[in-house]
Amino acid sequence: MIKLRVMPELPEVETVVRALAQAMHDKTISGVTLTRRDLRKPFPDNLEKNISGQRVMSLSRRAKYILIHLENGRVMAIHLGMSGRIRTEYVLSARQKHDHMILQLSDGCHVILNDARRFGYVLCLPERDLHAHECFQNLGIEPLERGASGSALHKALQGRKTPIKQALLDQHVIAGIGNIYACEALFEAGINPLKPAGSLTPEACQRLMKKIQDVLNRAIQAGGSTLRDYRQVSGESGYFQHDFKVYDRAGHKCRMCGHVIARIAQGGRTTFYCPSHQT
DNA sequence: CCTTGAACCTGCGGGC
DNA sequence: TGCCCGCAGGTTCAAG
């Protein structure tokens, strides 16, 4: 059994995509069970008709979306929101609280979407319509793809007075970054999260983009991050949480300069940073 | 166009 | 033990 419980930012979604590819590639979806009609958005009207009997050609990721490419040219897109988890079970055990969608595969495997807070959602649309869909058309820089660069980031931040931390969370500016990796990347780049986004120099943007890519890649290598009391025998849990340099470290000493890590609120989210060397 | 704050929903940990 | 409060990985929408 593969069981995936992650904090769904880019590295965690990427980790889920890779694990799901193992389970789903070249399998046929033989059945769909929905236990309610909606999460944050309604499930697509014709979901069962559009995915049942379809072979899974490949899986990919865009921003924080899991994309499941089907033989009929459609894509099922899954966003995990804050609390979405996906697990696979070859022998379907008792249904758990907040299991909302169960896909049955031709080899007997079940793919189960569980989401306590229901901030996640599922879409299903023709692949050719994907980039024009409202959820995808305005997405910003994909940080690990060609085209991501300091100059692209600098351009995307032009004229923005909002603090750089909040700009990094704006998926229309740069896609895939969430609260943890925004804090971590700014720390590593030595940039104060309160700095107006548009005031970053091209050099600072270069440094920041490099650190964003760096921290995301390291987190993917580590299998993402998991929090709280998660324990798992399958070896599928990530361990990047042990590498956090600022996130959730308020009151502890900065690993770089020894100053005390601060915790502030920005736009309703918590930011952790070192006031001494993030300038 | 940009920015801000509230809203969506459930679970968990801490304080009393 | 139990209740109440604050807080949590994300996004959208209304209002200024």
Side-chain angles (χ1 to χ4, degrees), chain A residues 4-17 35-43 61-66 77-87 96-100 113-123 133-140 155-185 193-199 215-216 219-220 222-231 237-244 246-251 263-272:
Chain A
L4 302 168
R5 298 183 57 184
V6 297
M7 316 186 316
E9 297 186 40
L10 186 153
E12 292 72 34
V13 176
E14 180 67 29
T15 300
V16 172
V17 164
T35 63
R36 54 181 299 130
R37 16 190 346 220
D38 56 25
L39 302 179
R40 200 164 71 71
K41 302 169 189 270
F43 282 102
R61 176 193 58 74
R62 170 74 169 114
K64 298 172 188 169
Y65 293 88
I66 299 161
I78 302 175
H79 196 294
L80 297 173
M82 293 269 266
S83 57
R85 286 106 172 71
I86 291 179
R87 69 181 194 278
Q96 295 179 19
K97 198 174 183 183
H98 309 304
D99 283 351
H100 303 307
L113 173 64
N114 181 291
D115 185 358
R117 294 175 73 179
R118 305 203 300 275
F119 287 173
Y121 50 91
V122 174
L123 306 169
H133 188 274
E134 56 180 5
C135 291
F136 295 90
Q137 65 173 345
N138 292 319
L139 286 175
K155 187 177 171 192
L157 297 176
Q158 276 306 303
R160 294 194 179 253
K161 294 178 180 170
T162 195
I164 181 61
K165 160 69 173 358
Q166 284 164 261
L168 291 182
L169 295 182
D170 185 342
Q171 303 297 297
H172 301 329
V173 172
I174 183 165
I177 299 176
N179 206 35
I180 291 174
Y181 298 105
C183 292
E184 293 295 315
L194 294 160
K195 215 169 186 188
S199 75
V215 73
L216 293 176
I220 292 170
S225 305
T226 54
L227 272 194
R228 306 189 190 289
D229 60 348
Y230 176 64
R231 283 180 300 115
S237 75
Y239 49 90
F240 192 73
Q241 64 276 13
H242 303 305
D243 291 348
F244 292 165
V246 280
Y247 186 82
D248 210 19
R249 295 198 67 244
R263 172 198 168 111
I264 60 173
Q266 288 185 283
R269 312 296 300 281
T270 304
T271 297
F272 299 90

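Everything numeric here is computed off the predicted structure, so don't read it as measured data. Chain identifiers are assigned alphabetically (A, B, ...) following the order of the sequence lines, protein sequences preceding nucleic acid strands; residue numbering begins at 1 within each chain.
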Side chains of A:Ile180 and A:Asp248 in contact at under 4.5 Å (non-hydrogen atoms): no
Distance between the P atoms of C:dC3 and B:dC9, in whole angstroms? 23 Å
If we only count heavy atoms from C-beta on, is the A:Lys64 to A:Gln171 side-chain gap below 4.5 Å? yes
Check whether any side-chain N or O of A:Thr162 sits under 4.0 Å from OP1 or OP2 of B:dT4, and answer yes or no. yes
Taking C-beta and beyond as the side chain, do A:Leu194 and A:Thr271 meet within less than 4.5 Å on heavy atoms? no
Separation of B:dC8 atom C1' from A:His100 atom NE2, nearest Å, is 13 Å
Which pairs with one or both residues in residues 172-185 of chain A pass side-chain hydrogen bond (donor to acceptor under 3.5 Å, both in side chains), sequence neighbours excluded? A:Glu12-A:Tyr181, A:Lys165-A:Asn179, A:Tyr181-A:Ser225
Please report the closest heavy-atom contact between A:Leu123 and A:His133, naming both atoms and the distance. CD1-CE1, 3.8 Å
Taking only residues two or more places apart in sequence or in another chain, which ones pass salt bridge (charged side-chain N to carboxylate O under 4.0 Å, His left out) with A:Arg269? none
Any salt bridge between A:Asp99 and A:Arg87, counting N to O under 4.0 Å? yes
Just by protein heavy atoms under 4.0 Å, how would nucleotides 11-16 of chain C read 5' to 3' in B, S and -? BS----
Could you tell me the separation between the CZ atom of A:Arg85 and the P atom of B:dC9, rounded to a whole number of Å? 18 Å
In DNA chain B, consecutive runs of at least three Watson-Crick or G-U pairs below 3.5 Å, as range with range, amount to B:2-8 with C:10-16, B:10-16 with C:2-8
For A:Arg62, all residues meeting side chain to side chain contact (heavy atoms under 4.5 Å, CB included), sequence neighbours excluded: A:Leu67, A:Phe136, A:Leu139, A:Glu142, A:Ala175
Does a side-chain N or O from A:Lys97 land closer than 4.0 Å to OP1 or OP2 of B:dG11, or not? yes
Would you indicate, yes or no, if B:dT3 has its OP1 or OP2 atom less than 4.0 angstrom from a side-chain nitrogen or oxygen of A:Arg160? yes
Nearest-Å distance for atom pair CZ/C1', residues A:Arg117 and C:dG6: 12 Å
Is A:Thr270 near enough to C:dA8 that one of its side-chain N or O atoms lies under 4.0 angstrom from OP1 or OP2? yes
Could you check A:Gly268 against A:Gln158 and say which one's nearest nucleotide on DNA chain B is further toward the 5' end? A:Gln158
Under the ring pair (Phe, Tyr, Trp, His ring centres under 6.0 Å) rule, collect the residues that match up with A:Phe119, sequence neighbours excluded. none
